Amino acid sequence: MEKIEKKKQSSTTVLQSEKLIVQFGGLKAINEFSFQLSDRELHFIIGPNGAGKTTFLDVLCGKTKPTSGNVLFKESIELGKLYEYQIVRKGVGRKFQAPSIFPSLSVMSNLEIAMKQQKGFWHILRAKLSEGDKEHIHEMLTLIGLKEESNRTAGTLAHGQKQWLEIAMVLMQDPELVLLDEPIAGMTEEEEEKTGELLRTIAKDRAVIVVEHDMDFVRKFADKVTVMHEGTWLCDGSMEEVQQNERVLEVYLGRR
Amino acid sequence: MSYLYSKKTLVILGFVILLIMPFVLAPFNLNLLGRFLAYAILALGIGVLWGYAGILSLGHGIFFGFGAYAMAMYLTLQSGGMPDFMGWNGITELPWFWAIFSNPIVAIVLAIAVPMLFAGILGFFTFRNRITGVYFTILTQALVIVVTTLIISQQQYTGGTNGITGFDTIFGYSLNSVTTQQMIYWTTVIFLGLVFLICYKLVNSRFGKVLIAIRDGENRTRFLGYNTSIYQVIVYSFSAGVAGLAGMLFVLQVGIITPSMMGIVPSIEMVLWVAIGGRGTLIGPVIGALLTNGASTWFSQTYPDAWLFFIGLVFVLVVVFMPKGIMGIISTIQARRRAKKYGKDRKEEAKLYNSSSI
């Protein structure tokens, strides 16, 4: 308790997991994982394949339910007990690994649907795009550099553009916590750079968790890095600190 | 945009042509067209459900059937009291679930409300438990077997395999008179227009976009904060209500409804009309229902032995070579024309504009 109190003074804790366990049959994908995230932090999670990174994101957004332990969002909301759509409405947005946009809708409509709004049936049925909404969508399009493409069918965008569009869709909900699963997979170097800058901009107003494999990218943009291994916490700190950690080297390079 | 506008003009033109048909066609052919239009209404409901929300139901026959039975029960009661088959089975008193259909308003409301409610409850339990895709489709198919078997087995109440027929008046007018049939035809056309308009508003609203979003990425939609199951329940229920309406209009023009008109084969055929016309459009299902039924009538008259094979072949060819149906071919041709006009790359053009919703 004391530890939490101290943290509060420096910056607010957005997310906290204590001894989280997720079990699939006999396999513990996540084993007593404890994790803490402050507001406005660009936090990377790295680790070898099967370390439980994506599973952790799945728990945060409600796709997977924890076997035991829980995750507290903004200190009081227990994410493990909510449905996916409820978690989104509480302010957690998730971008998936493969770009999942709506290919047959226009770029504009993709964002229109994603907008922060009442998402019940009656409201959606009568909803009209107001001038304010349009302005907001155009701001977002400018941010991701797709302003010229607003009327294009989203399925015809390039791979990198689709990734940005999905990030924008997540941002349209104005979440307090953004989860991104390998956002730069399959991108060119130039696109990677743009994405990194985009992440920095996003993290100015909110907490961001990124799962990533590309170490150069992590080095360049991470505020803080957490290393996972076999479902557990291995270490955290800045990229430099993490890189010098004995156990990390052991896990990644197989050194003994 | 001028191309969308021209599509709208074509729809209005088609509607006007349908309205003047009673002055052009002989009563027999008008009656045929009226039936097909009732089918077209049903196809619109399936078109929204399957084409926009991506939910394939192979069980719409029962909703159609319920609407038809409700109307047939009302017609029987008001033209001659108790139906004959009850007497043959030794039932002397009208059961309560028949008696309520003696009021036309109750019958009409129930014909639409019961399919909606039934679909709503079924949809609630399936979609909430994330039973979608092919599993849902199989479930709807099983439902058809259950319902038709039930109707056949309860012969004393339902008329069994013979169904309900033998009614000849509505509101005191003879059902067989040319004027009454014309009135019923016009009613059908007007309802077709109304349902088309409602569907058009629906799919072009934000609600329609959410339906497409659920079709193309249910998970993504859920993670945008939508309770997708509720949307699926609502659209399924809506389309069941439309089927009930179509069933009512159908029975008024055919004068009989039997379990075989709502069974497995008709339920699958209904989906094929939409497939042939073109899914993801609203004109498609209407054209599909009219053309398929028109062709099937013509073939069954001209080549009574071969027509089933021929229709089967057409279905296979359409599914294999025209995955987007007739409307898909039309929009490809239009894209080609545009490409010629503007000299742009044809494929790119087709891709960019294929999302217009009408």
Side-chain angles (χ1 to χ4, degrees), chain A residues 57-58 60-63 83-96 98-129 133 149 151-157 165-166 169-170 172-175 179, chain B residues 1 51-54 120 123 128-130 198-199 201-238 279-281 324 328 331 335 344-345 347-357:
Chain A
L57 292 195
D58 285 349
L60 295 185
C61 68
K63 201 176 172 195
Y83 282 114
E84 294 98 327
Y85 69 91
Q86 290 169 321
I87 292 177
V88 176
R89 293 176 190 179
K90 295 282 184 201
V92 180
R94 162 98 187 250
K95 191 216 158 293
F96 291 91
S100 46
I101 47 150
F102 306 122
S104 45
L105 294 175
S106 71
V107 171
M108 186 93 175
S109 302
N110 266 275
L111 293 177
E112 178 187 342
I113 290 177
M115 231 164 29
K116 189 172 189 165
Q117 59 189 317
Q118 269 189 302
K119 284 171 178 164
F121 162 69
W122 281 115
H123 181 263
I124 292 295
L125 189 64
R126 287 168 299 151
K128 287 266 176 321
L129 211 53
D133 295 338
E149 317 288 348
N151 287 324
R152 214 166 133 173
T153 310
T156 65
L157 293 174
L165 177 59
E166 197 187 348
M169 283 160 72
V170 172
M172 283 306 284
Q173 303 151 49
D174 199 17
L179 314 170
Chain B
M1 267 312 160
Y52 290 87
R128 198 191 54 161
N129 292 320
R130 311 250 163 110
I198 293 171
C199 291
K201 288 278 175 209
L202 213 58
V203 300
N204 284 292
S205 72
R206 195 175 290 167
F207 177 73
K209 288 175 186 168
V210 174
L211 288 185
I212 293 175
I214 293 172
R215 180 192 73 192
D216 290 351
E218 193 182 342
N219 247 329
R220 177 70 270 173
T221 319
R222 205 177 278 137
F223 286 110
L224 288 176
Y226 289 94
N227 185 359
T228 53
S229 358
I230 291 298
Y231 281 78
Q232 289 166 321
V233 171
I234 287 170
V235 72
Y236 183 48
S237 170
F238 167 76
R279 96 194 150 99
T281 66
K324 285 189 166 173
S331 68
K344 272 191 195 169
D345 178 33
K347 269 190 184 164
E348 196 58 27
E349 271 291 287
K351 269 195 214 159
L352 290 181
Y353 289 95
N354 68 2
S355 64
S356 66
S357 287

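Sequence lines set the chain letters: A, B, ... in the order given, protein chains first and strands last, and positions in each chain run from 1. Just so you know, these numbers come straight off a predicted model, no measurement behind them. Values reported hereafter were calculated over all heavy atoms of this structure, with side chains retained and with hydrogens, waters and symmetry mates removed.
With a threshold of 4.5 angstrom between heavy atoms, Met115(A) approaches chain B through side-chain atoms but not through N, CA, C or O. With a 4.5 angstrom heavy-atom cutoff, Lys90(A) does not touch chain B via any of its atoms. When heavy atoms are compared at a cutoff of 4.5 Å, Leu129(A) approaches chain B by way of both its backbone and its side chain.
Ion pair Arg220(B)/Glu84(A) not flagged as a salt bridge, since none of the NZ, NE, NH1 or NH2 atoms sits closer than 4.0 Å to an Asp/Glu carboxylate oxygen.
Interatomic distance, Ile212(B) CD1 to Ser109(A) OG, rounded to the nearest 0.5 Å: 8.5 Å. How far CZ of Arg215(B) is from OG of Ser104(A): 4.5 Å, rounded to the nearest 0.5 Å. The line from CD1 of Ile101(A) to CG of Asp216(B) is 9.5 Å long, rounded to the nearest 0.5 Å. The distance from atom CG of Leu224(B) to atom CD of Glu166(A), rounded to the nearest 0.5 Å, is 8.5 Å. Rounded to the nearest 0.5 angstrom, Lys209(B) NZ and Asn110(A) CG are separated by 10.0 Å. Atom CZ of residue Phe207(B) and atom CG of residue Leu125(A) lie 6.5 Å apart, to the nearest 0.5 angstrom.
Between Tyr85(A) and Phe223(B), the ring centre distance reaches or exceeds 6.0 Å.
Inspection of non-hydrogen atoms places Tyr231(B), Ile234(B) of residues 228-238 of chain B under 4.5 Å from chain A.
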Intermediate values then yes/no, side chain to side chain contact (heavy atoms under 4.5 Å, CB included), Lys63(A) and Asn219(B): CA-CA 9 Å; Lys63(A) 201 176 172 195; Asn219(B) 247 329; 4.3 Å; yes
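Of all heavy-atom pairs between Ala213(B) and Ile113(A), the closest is CB-CD1, 3.9 Å.
Under the rule for a side chain to side chain contact (heavy atoms under 4.5 Å, CB included), the partners of Lys119(A) that lie at least two apart in sequence or sit in another chain are Arg89(A), Gln117(A), Gln173(A), Tyr226(B).
With Phe102(A) as reference, Thr221(B) is the one residue of Ile214(B), Thr221(B), Val210(B) to meet the side-chain contact (heavy atoms from CB on, under 4.5 Å) rule.
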